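Right, one structure below, let's go through it.
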Amino acid sequence: MSDPNSKNSETQLDRWQFNLRQANDNNVFCHCRQCNYEWVDSSDEAPCPACGSTNVEHIACWQFPDD
């Protein structure tokens, strides 16, 4: 017998993950650990535009408060 709530939970999880991906679009704060350059990008894999280093910290901007 299947749990009637399992499909609902999957749908909620899918929606939550989709909303999280949308929140990250063009809103990833990047900090280069090599030269300390900081920028906002749409990718969490972008190399540093200042020095080309791939040693970059990526933080989703939605994690920062708006105050």
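In this text the structure is predicted, and so the values were computed from the model without any measurement.
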Is there a side-chain contact between Pro49 and Tyr37, using heavy atoms and a 4.5 Å cut-off?
yes
Can you confirm whether Cys48 sits close enough to Trp39 that some side-chain heavy atom of one is under 4.5 Å from a side-chain heavy atom of the other?
yes
Which pair of heavy atoms, one from His58 and one from Glu45, lies closest together, and at what distance?
NE2-N, 3.9 Å
Closest non-hydrogen atom pair, Asn27 against Val40:
CA-CG1, 4.0 Å
Measure the shortest side-chain to side-chain distance between Val56 and His31 over non-hydrogen atoms and say whether it is less than 4.5 angstrom.
no
Do you know which two heavy atoms are closest between Asp41 and Cys30, and how far apart they sit?
CB-SG, 3.9 Å
Please check if atom CD in Gln17 has more than 12 non-hydrogen atoms from other residues, nucleotides or ligands closer than 6.0 Å.
yes
Can you name the closest pair of heavy atoms from Thr54 and Pro47 and give their distance?
CG2-CB, 4.3 Å
